[in-house]
Every structure is written in structure tokens, then in C-alpha cells.
Amino acid sequence: MVSSYFYRAMALMLTVGALSKIQKIERREHARSEKFAKLLEYDDKKEKATSQQVVCYYRIEKNDTRRLQPEDIDPSLCTHLIVGYTEVRYDFMLPKTIYDLDTFNRTVALKKKNAKMKIMLSIGEKSKGGFSHMVATSNGRERFIFSLLHFLDKYKFDGVDFDWEFPAWNGANPLERFYFILLLKELRFVIEQAKRNFLVSCAVAAHVAIIDTSYDIPEMAKAIDFVNLMSYDFQMYSQNNPLTAHHSPLFSRNSDKRMNYFLNGAWAAAFWEARGMPRKKIMLGIPTHSRSYYLKSPYVHNIDAPATGPGLGKGKLTYPQVCQFLKAGATQIFDISTKVPFAYLGHNWIAYDNENSVSFKSLWVKDEGYGGVMIFNLNNDDWKGTCDNSTKFPLTRAVTKMVLV
């Protein structure tokens, strides 16, 4: 018969082991808190924004009445409207199709309804695309800049947005980081010499590895008016990590480990500031699209649940599609630690933003003194008002009510 001393000894060992584990967790969380505090210690050193902006992206789609048209946009919702995309070909800034020119004119015409709104043109390129060839030579940059300024003048845009994803990244020339800064500085110089008031912004990555590889942030800050932080799509389904995760959390979860701890909007914004971008120039990105997963088991449906592939919509849904999913009987969960919701029904699982989460993010931006909020994009918001058969652009409208009031 086993002695009672054995059971007592085992109990003591288990207790000590449990206490040791708790202490390790406490030390780890304390270390994380200190790291985050170091990023946020810039509060008193950097100037905060006294008022916030709402920067909205509008993507030109096929000329189809089922698609969002410029006339469908409510110009009272945004302080800045960025329409895209054009591209770089032969070192010139050019529209993707001749039909886009009409859409540009119709979009700029929205200023008749809101003269205070700034309408900007976005140039979108992937790594190793037209940007890479153009920025590498002074002649290429010169041709590009003058073609760009001519286009902004002709179509009466208020500025330009660079959506280069991403300089010096994914095997591209490491010197692109340097060339990109030259382009921005040369553009700023020409704008000032011409005595124009064109705005310049950049859509920028939120992942730490890309940030440090692609951007010289202190030099960028001197040449641009603001950055649009792409604080979404942090995580999506992949075979390397086949677990559910939210793609646009504001904060990390207590259980997040390693790099997951840095995959959230608050950390990304603080990191950009720590690297040298003034807080008042940072626009926190809020997505109107969701990310979906196909659960391995319908009975295991929390965050970090096993998944076998992308879910509905091949992994991506618009907000109206999210509303349809919820109306079909999906269970909704609002994650308190990350301040974002997710929902599940059967094998389908989606991570999305709703009016509550975008309101919380907007209030956080305002309280922390960041420059504002960036909406990506108006196309994926419920612009027809189908969710409640009444409210058009509910996500963007919730942001505006919180930021501009």
C-alpha cells in the first residue's frame, strides 16, 4: 500500500510546480508590459493631434451598377477620400484603364457637396513592380514626378497616396528603402518650389519585420503629411499555422506568444511612433472586410481553434456578407481583450469588425492623440444599407460619429 507521505509529497511537488508556472507567466507578462510601456513613453515627448481625420479609401471597380459608384459615396463621412488605383509604367504615372479617367472626374465632383473634403489619388504597386524600376534612377524619378503633378493638376486632386507593398521586401533590391525616401523628398521639393499645396501620404505595413526592412521612418516623416497604417490582415489561414485568429485586433490577448504579441493595431501604431513617425501623422487602419476559416470541428470554435482552410468567400467577406452570416443564426462573440468580434456557425468561422469595435478603436485613437482613422475601404462597407435596411456605410459612419464629433 502506498504511504500517505507519498501523496503528500506529490501534492507538494504539484503545488510548487503550479506556483512556478504562475510566476513564469507573471514574469513574462511583466516583461511584455515593460516593452509596451517603453514604446508608449513617447506620450510626453511627441506632439499629439488636437483633432482627428477620417481617411477613406475608395477602390475603382468595374463600371457596373452593382458596384460602388462615386455618386453613392456620402462625402460627409470622410475628411480625406483616397481613390485608387493608378500604376507606374515606363517611369510614368498612368491610369490602369482609359475608363478610370471618367471615374476620377466623378469622384472629384463630390467636392461640390463637401468642399472641405480632400480627394487624393492612390498609386498601387506590389514589390518588384513599376515602382522598383522607376525609383532606381534620378531620370526615372524625375519623369514620374512631373507626370504625377501634371495628372493631379489636370484632374484637380488634392494630393497623392503611395501604396507600395513594399520597398526592399520579399527579395527586392535592398536599396529601394533609400530610393523611396529620395522619391518622397524630391517630390516634396518640387511641390514646394511650385508653391502648391498637394498632400502626400503613404499606405504602410504594420508588421514589424516589414517596417524595419522597408522604411526609413525619420526621413519619411520629413517628406509626407501622414501615413495610413494597414493594421489589418495581421493573420489569415495558412498551412503553417492552421488556427483561427483575428486579423485586426486592437490589442493582444494575454495568451499571445512570440510574434503574435506584436500583431495588433496598438502595438503597430506605437512601434511606428517609436521609430520616428510623429503621433499626429499616424492614421490607424480599420478594415471593412472580414477573414474566414473552415473549422476542423464545429464544436471547437474559439480563437486558436484548428482549421482546415479558408472559409466563406475564399477567406474574405464584405460587411454585408458578414451581416447575412449573422442573420443565418451564427453565434457572435466579442473578445474583451482584443476589442474585436468573431462569429461561428457550423464549420464556418469569421473574424470581423462591427460598429462596436470600430467605435472603440476610434475612441482609442482620439484618446491617445493619434492623427486619425483610415477606413479600408468604402467598397466593402454596407453602402447599400442592407444590414438593417436603413443605415448606409454603418462602419464608416460609426467611426465618423466617434472621431469628428
Side-chain angles (χ1 to χ4, degrees), residues 29 32-33 35-57 77-80 203-208 211 226-235 245-254 256 260-275 277-290 303 319 333-342 351-376 381 393-405:
E29 294 306 317
R32 287 177 174 176
S33 297
K35 287 181 180 179
F36 197 61
K38 286 181 180 179
L39 288 179
L40 297 182
E41 69 184 5
Y42 286 78
D43 283 6
D44 297 327
K45 298 178 181 179
K46 301 266 183 166
E47 183 181 351
K48 294 183 178 181
T50 55
S51 62
Q52 278 68 40
Q53 311 296 331
V54 177
V55 180
C56 305
Y57 275 86
L77 296 177
C78 313
T79 60
H80 297 68
V204 295
H207 287 265
V208 173
I211 295 169
F226 56 91
V227 294
N228 299 305
L229 181 59
M230 294 186 283
S231 44
Y232 42 80
D233 291 344
F234 281 110
Q235 297 189 79
H246 208 290
H247 77 112
S248 61
L250 179 58
F251 303 121
S252 66
R253 292 186 301 140
N254 293 333
D256 281 341
N260 285 357
Y261 184 74
F262 309 110
L263 302 180
N264 60 83
W267 178 273
F271 191 78
W272 265 89
E273 185 182 7
R275 284 291 191 260
M277 184 61 63
R279 181 170 291 207
K280 64 183 180 179
K281 291 189 176 185
I282 299 174
M283 309 292 161
L284 182 78
I286 293 181
T288 56
H289 65 275
S290 68
I303 293 177
Y319 191 58
I333 304 292
F334 192 88
D335 188 66
I336 298 300
S337 59
T338 57
K339 307 302 181 189
V340 283
F342 63 91
Y352 63 103
D353 270 283
N354 61 13
E355 290 164 80
N356 289 335
S357 66
V358 302
S359 296
F360 192 96
K361 290 179 179 181
S362 302
L363 181 61
W364 180 83
V365 164
K366 200 167 185 177
D367 288 345
E368 294 296 324
Y370 284 99
V373 170
M374 176 268 283
I375 302 291
F376 187 82
D381 201 349
F393 299 101
L395 298 183
T396 307
R397 198 172 299 278
V399 169
T400 300
K401 288 180 179 179
M402 196 62 64
V403 172
L404 300 183
V405 174

Q) Do you know which two heavy atoms are closest between Leu404 and Leu77, and how far apart they sit? A) CD1-O, 4.4 Å
**Q.** Qualifying residues under salt bridge (Lys or Arg N to Asp or Glu O under 4.0 Å), relative to Lys280, sequence neighbours excluded
**A.** Glu47
Q. Rounded to the nearest 0.5 Å, how far apart are CD1 of Ile286 and OG of Ser231?
A. 7.5 Å
(Q) So, taking the atom named CD1 in Ile303 and the one named OG1 in Thr338, what distance separates them when rounded to the nearest 0.5 Å? (A) 5.0 Å
Q.
Please evaluate residues Glu368 and Arg279 with respect to the criterion salt bridge (Lys or Arg N to Asp or Glu O under 4.0 Å), reporting the C-alpha separation (whole Å), side-chain torsions for both, the decisive distance (0.1 Å), and the verdict.
A. CA-CA 9 Å; Glu368 294 296 324; Arg279 181 170 291 207; 3.5 Å; yes
Q) For Arg253 and Ser337, which heavy atoms make the closest approach, and how far apart are they? A) CG-OG, 3.4 Å
**Q.** Heavy-atom pair of closest approach, residues Ala269 and Trp364
**A.** CB-CH2, 4.5 Å
Q: Could you note down all residue pairs passing salt bridge (Lys or Arg N to Asp or Glu O under 4.0 Å) where residues 352-367 supplies at least one of them, sequence neighbours left out?
A: Asp353-Lys361
Q: Applying side-chain contact (heavy atoms from CB on, under 4.5 Å) between Val358 and each of Ile375, Val340, Val399, report the one that passes.
A: Val399
**Q.** Between NZ on residue Lys339 and CG on residue Asn264, distance to nearest 0.5 Å
**A.** 12.5 Å
Q.
Taking Asn354's backbone N and O only, do any of them form a donor-acceptor pair with Ser357's side chain (distance below 3.5 Å, no angle check)?
A. yes
Q | All ring-ring contact (aromatic ring centres under 6.0 Å, His included) counterparts of His246, not counting sequence neighbours | A | none
Q) Quick check: does any side chain N or O of Gln53 sit under 3.5 Å from a backbone N or O of Val373, one acting as donor and the other as acceptor? A) no
Q. Under 6.0 Å between the ring centres of His247 and Tyr352?
A. no
(Q) Give me the atom names and distance for the closest heavy-atom approach of Pro278 to Ile282. (A) O-CG1, 3.6 Å
Q: First locate atom OG of Ser248, then atom CG of Leu263, and finally report the distance between them rounded to the nearest 0.5 Å.
A: 12.0 Å
Q) Which class fits the ring pair Tyr232 and Phe376: parallel under 30°, tilted 30 to 60°, perpendicular over 60°? A) parallel
Q. What distance separates Leu229 CG from Met374 CE, expressed to the nearest 0.5 Å?
A. 7.0 Å
Q. Residues two or more places apart in sequence or in another chain: which of them pass salt bridge (Lys or Arg N to Asp or Glu O under 4.0 Å) with Asp233?
A. Arg291
**Q.** OG1-CG distance between Thr288 and Leu395, expressed to the nearest 0.5 angstrom
**A.** 6.5 Å
Q. Checking Trp272 side chain against Ala205 main chain: does a donor-acceptor pair fall under 3.5 Å?
A. yes
Q) Of all heavy-atom pairs between Val365 and Gly372, which one has the smallest distance, and what is that distance? A) CG1-O, 3.5 Å
Q.
Using the salt bridge (Lys or Arg N to Asp or Glu O under 4.0 Å) criterion, which residues pair with Asp381? Sequence neighbours excluded.
A. none
Q.
Are Phe251 and Trp267 an aromatic pair, judged by ring center distance below 6.0 Å?
A. no
Q: Determine the minimum heavy-atom distance between Ala206 and Ala268, stating which atoms define it.
A: O-CB, 3.6 Å
(Q) I'd like to check the ring-ring contact (aromatic ring centres under 6.0 Å, His included) partners of His207; sequence neighbours left out, ordered by chain and number. (A) Phe234
Q) Looking only at atom types and distance, does a side-chain atom of Thr79 sit under 3.5 Å from a main-chain N or O of Val54, one as donor and one as acceptor? A) yes
Q: Take Phe342 and Ile333 through the side-chain contact (heavy atoms from CB on, under 4.5 Å) test and state the conclusion after the steps.
A: CA-CA 5 Å; Phe342 63 91; Ile333 304 292; 3.6 Å; yes
Q. Distance under 6.0 Å and angle within 45° of the ring axis: does Lys281 meet both against Phe226?
A. no
